[in-house]
Amino acid sequence: MPVQNAEIAEMFDQTAELLEIKGDNPFRSRAYRNAARVIERLPKSITNLLKAGEDLSELPGIGKDLAGKIAGIVATHHFDVLDRLKRELPGDLGEIAALPGLGPKRVKLLYDKLGVRTLEDLRRAVRSGRLRELSGFGEKSEKKLAAALAKPQAEKRFKLSEAEAEAEALLQHLRPSATDGQVVVAGSYRRRRDTVGDLDVLMIAGDGSAAGDKLAKYDNVASVLAHGPTRTTVVLGSGLQVDLRVVPKESYGAALMYFTGSKAHNISLRGLANDRGWKLNEYGLFAGKRRIGGATEEELYRKLDIAMIPPEMREDRGEIALAQAGKLPRLITLADIRGDLHVHSNWSDGRATIAEMAAAAKARGYAYMALTDHSRHVTIAHGLDAGRLARQLDEIDRLNDKLDGLTVLKGAEVDILADGKLDLPDKILSRLDLVVASVHYKFELSRKAQTERIITAMDNRHVSIIGHPSGRLIGEREAYELDMEAVIAAARGHGCHLELNADPDRLDLNDINAHSAKAAGVKLAISTDAHSTAGFANMRFGIDQARRGWLEPADVINTLPLARLKKLLKR
DNA sequence: GCCGTTTTCGGCCCGACTGTTTTCAGTCG
């Protein structure tokens with residue numbers, strides 16, 4: 001089993017953690033963390049890069065030393081530096097440091113003075129009251145830790161759609177307290193990440209403390225974690241944490257930039273400011289004590305000699321270099337979409353009739369909609385066999401005769417069987433305008449078998465699009481084991497397309513894989529997989545992720561007019 | 001440990017809040 005990027009990243013994170021606890025050079029541990037992030041989001045597998053003879057020290061944040069260490073990990077499945085650190089500092093110090101209020105310094109103190117090596121050791125120390133003997137620990141620390149130890153930790157992230165519902169209600173509550181109604185959610189929410197850990201709310205207001213009171217009094221608040229003159233932190237009933245920051249008007253742009261992040265993007269921007277002898281923080285851009293910018297984001301980016309970077313791109317994945325070169329992409333928007341290529345009706349597990357779905361598509365201004373009901377294998381969804389599908393095609397013909405301004409394309413979401421064969425015979429597939437081929441069972445196949453399965457499906461020339469290629473359900477089911485690089489390469493070779501499923505529970509391909517597909521020259525279909533007329537509205541979540549993957553209209557097939565789309569679908 | 005028209009050494013983002021302290025270290029984002 002080749003070493004996965006995630007494993008290397010995890011080893012580096014653990015190394016960084018232990019180095020911090022040990023009190024080593026903090027910049028050394030930061031280097032390990034930076035490298036972990038770079039490796040984690042790398043679209044290609046490190047093992048493959050090494051096989052291809054690539055020089056890993058070309059990667060940002062990875063120098064000669066780490067490149068050598070990575071090669072060692074790939075060869076041995078072990079990281080000697082980490083192994084040594086673990087021998088030196090045995091126990092679950094990483095888990096202990098993850099507890100709220102505990103960082104490397106205090107973990108070291110607990111380790112040295114009380115011999116705390118495991119969570120159980122810590123529990124005993126808290127119970128015995130010995131914790132308070134330590135300088136820096138008091139009654140409150142003890143209570144907080146006791147509470148944290150009592151409940152399981154699992155850090156929860158919320159789906160973007162869930163966070164959106166919370167955010168909209170919260171903004172409505174806060175808006176009356178804001179100057180000119182200026183209150184927004186920044187952070188990963190504004191960057192439109194597929195999941196959100198907390199809501200970073202930014203508000204312009206004269207009295208920050210009063211604004212904080214307003215938040216603390218929100219019906220949905222379960223507990224108040226902090227409440228100061230400019231920052232208030234609460235946890236909502238759902239467990240979603242909300243950080244409210246109140247800033248003056250002249251700092252709004254700087255604060256918006258700062259709290260939108262990402263952290264890595266901000267650090268790079270600050271580097272640009274430092275290069276010019278300036279300082280950038282959440283209050284503005286400063287030359288010495290003099291403020292030279294801060295009211296708007298546009299102004300700040302301009303002062304740093306780059307174009308405004310869309311929030312979805314602010315991940316420090318090379319967007320700053322692109323902006324410096326004046327080569328930022330014109331990201332796709334909802335308005336570019338001309339149709340939906342994955343839609344269900346009540347012929348299978350959808351709730352609306354074909355005519356109702358078509359009317360909803362037309363109401364959105366679409367020129368086309370592909371009806372893609374399930375094939376027979378998905379019995380639970382009343383999947384269609386060849387006979388029923390043939391009858392459905394006749395109904396679509398009759399409907400198209402009546403429709404004006406919208407064309408219903410004949411399609412199917414055909415199951416990819418375990419061996420890569422399709423769930424409907426070629427004879428009926430050949431009568432369709434497009435075939436979405438998807439995996440709906442046997443998720444547990446080996447990486448090799450699953451990859452071959454999907455590539456075999458693409459060998460069938462009727463297959464136009466691979467539906468929800470990774471199979472993940474956010475927060476519920478991990479993606480199945482798959483060599484996505486190989487799938488993308490095969491898609492390019494076959495002239496096949498990959499789906500970016502816009503269902504907020506799926507968002508599949510994700511942003512990184514969508515970017516890899518674009519880079520490889522594979523065009524995507526952004527489709528909702530709508531099972532009701534309301535489902536069409538999910539398109540915007542797909543657009544969000546497409547933008548995070550730097551996709552432009554030309555990278556997406558359902559931005560094309562119908563005639564050109566049809567040509568592309570036949571291969 | 002990385003990085004470089006301030007380049008092979010000496011920097012490395014920066015501020016708010018808490019708890020414990022009596023002027024600040026540690027944590028957090």
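Letters go in sequence order (proteins before strands), and every chain restarts at 1.
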Colleague: If you compare every side-chain N and O of A/S141 against the phosphate oxygens of B/dT20 (OP1, OP2), does one of them come in below 4.0 Å?
Modeller: yes
Colleague: When the distance from CG of A/D275 to P of B/dT6 is rounded to whole Å, what number comes out?
Modeller: 8 Å
Colleague: Who are the salt bridge (Lys or Arg N to Asp or Glu O under 4.0 Å) partners of A/K22, not counting sequence neighbours?
Modeller: A/E88
Colleague: For DNA chain B, determine which residues of residues 103-111 of chain A have any heavy atom closer than 4.0 angstrom to one of its atoms, and list them numerically.
Modeller: A/G103, A/P104, A/K105, A/R106
Colleague: Write out a two-atom table: protein N or O, nucleotide N or O from nucleotides 11-13 of chain B, distance below 3.5 Å.
Modeller:
unit_1, atom_1, unit_2, atom_2, d
B/dC13, OP1, A/R30, NH1, 2.3
B/dC13, OP1, A/R30, NH2, 2.8
B/dC13, OP2, A/R30, NH1, 3.2
B/dC13, O2, A/R270, NH1, 2.3

Colleague: Is the charged tip of A/R33 near the ring of A/F12: under 6.0 Å from the six-membered ring centre and within 45° of its axis?
Modeller: no
Colleague: Once you apply the 3.5 Å cut-off to both distances, tell me the Watson-Crick or G-U wobble partner of B/dT8, or none.
Modeller: none
Colleague: For the CG atom of A/D207 and the OG atom of A/S177, what is their distance to the nearest 0.5 Å?
Modeller: 9.5 Å
Colleague: At less than 4.0 Å, is any side-chain N or O atom of A/S135 found next to OP1 or OP2 of B/dT21? Yes or no.
Modeller: no
Colleague: Hey, would you say the A/Y283 and A/Y258 ring centroids sit under 6.0 Å apart?
Modeller: no
Colleague: Under the side-chain contact (heavy atoms from CB on, under 4.5 Å) rule, collect the residues that match up with A/K159, sequence neighbours excluded.
Modeller: A/S161, A/E162, A/I474, A/E476, A/D505
Colleague: A/R193: what forms a salt bridge (Lys or Arg N to Asp or Glu O under 4.0 Å) with it, not counting sequence neighbours?
Modeller: none
Colleague: Listed in order of residue number, which residues of residues 68-94 of chain A have a non-hydrogen atom at under 4.0 Å from DNA chain B?
Modeller: A/K69
Colleague: Take the protein atom CG of A/L244 and the nucleotide atom P of B/dA16, then report the distance between them rounded to whole Å.
Modeller: 15 Å
Colleague: Flag the pair A/R117 and A/D92 as a salt bridge only when some basic side-chain nitrogen lies within less than 4.0 angstrom of an acidic carboxylate oxygen.
Modeller: no
Colleague: Per the side chain to side chain donor-acceptor pair (under 3.5 Å) rule, what does the pair list look like for residues 53-75 of chain A, sequence neighbours excluded?
Modeller: A/Y32-A/K69, A/D55-A/S57, A/D65-A/K69
Colleague: Got a salt bridge between A/R123 and A/E120, using NZ or NE/NH1/NH2 to carboxylate O under 4.0 Å?
Modeller: yes
Colleague: Which residues pass the ring pair (Phe, Tyr, Trp, His ring centres under 6.0 Å) test with A/F286, sequence neighbours left out?
Modeller: none
Colleague: Nearest nucleotide by nearest heavy atom, which residue falls closer to the 5' end of DNA chain B, A/D243 or A/R276?
Modeller: A/R276
Colleague: Measure the distance from CZ on A/F137 to P on B/dG26 and round it to the nearest whole Å.
Modeller: 11 Å
Colleague: Which of residues 284-317 of chain A sit near DNA chain B, with a heavy atom under 4.0 Å from it?
Modeller: none
Colleague: For A/K64 and B/dG4, give me the distance from atom NZ to atom C1', rounded to whole Å.
Modeller: 15 Å
Colleague: Is there any side chain to side chain donor-acceptor pair (under 3.5 Å) pair reaching into residues 219-240 of chain A, and which pairs are they, with sequence neighbours excluded?
Modeller: A/E166-A/S238, A/D213-A/H227, A/H227-A/T232, A/T233-A/D243
Colleague: Taking only the C1' atom of each, what is the distance from B/dA16 to B/dG11 in whole angstrom?
Modeller: 25 Å
Colleague: Nearest to the side chain of A/R245, which nucleotide is it out of B/dG29, B/dT18, B/dC14?
Modeller: B/dG29
Colleague: Any side-chain donor paired with an acceptor under 3.5 Å for A/N538 and A/T528?
Modeller: no
Colleague: Given atom CD of A/E17 and atom P of B/dG1, what is their separation to the nearest angstrom?
Modeller: 17 Å
Colleague: Give, for atom CG of A/L285 and atom OH of A/Y301, the distance between the pair rounded to the nearest 0.5 Å.
Modeller: 12.5 Å
Colleague: Checking all strands, does A/L102 fall into the base, sugar-phosphate, or nothing category for heavy-atom contacts under 4.0 angstrom?
Modeller: sugar-phosphate
Colleague: Using atom CD of A/Q241 as one end and atom P of B/dT27 as the other, report the distance to the nearest whole Å.
Modeller: 17 Å
Colleague: For A/K518, give me all partners under salt bridge (Lys or Arg N to Asp or Glu O under 4.0 Å), at least two apart in sequence or on another chain.
Modeller: A/E552, A/D555
Colleague: Which residues pass the salt bridge (Lys or Arg N to Asp or Glu O under 4.0 Å) test with A/R106, not counting sequence neighbours?
Modeller: none
Colleague: With respect to the side chain of A/L66, which nucleotide from B/dG1, B/dC17, B/dG29 is positioned closest?
Modeller: B/dG1
Colleague: Counting heavy atoms from C-beta on, name the nucleotide in B/dC17, B/dC2, B/dT20 closest to the side chain of A/P229.
Modeller: B/dC17
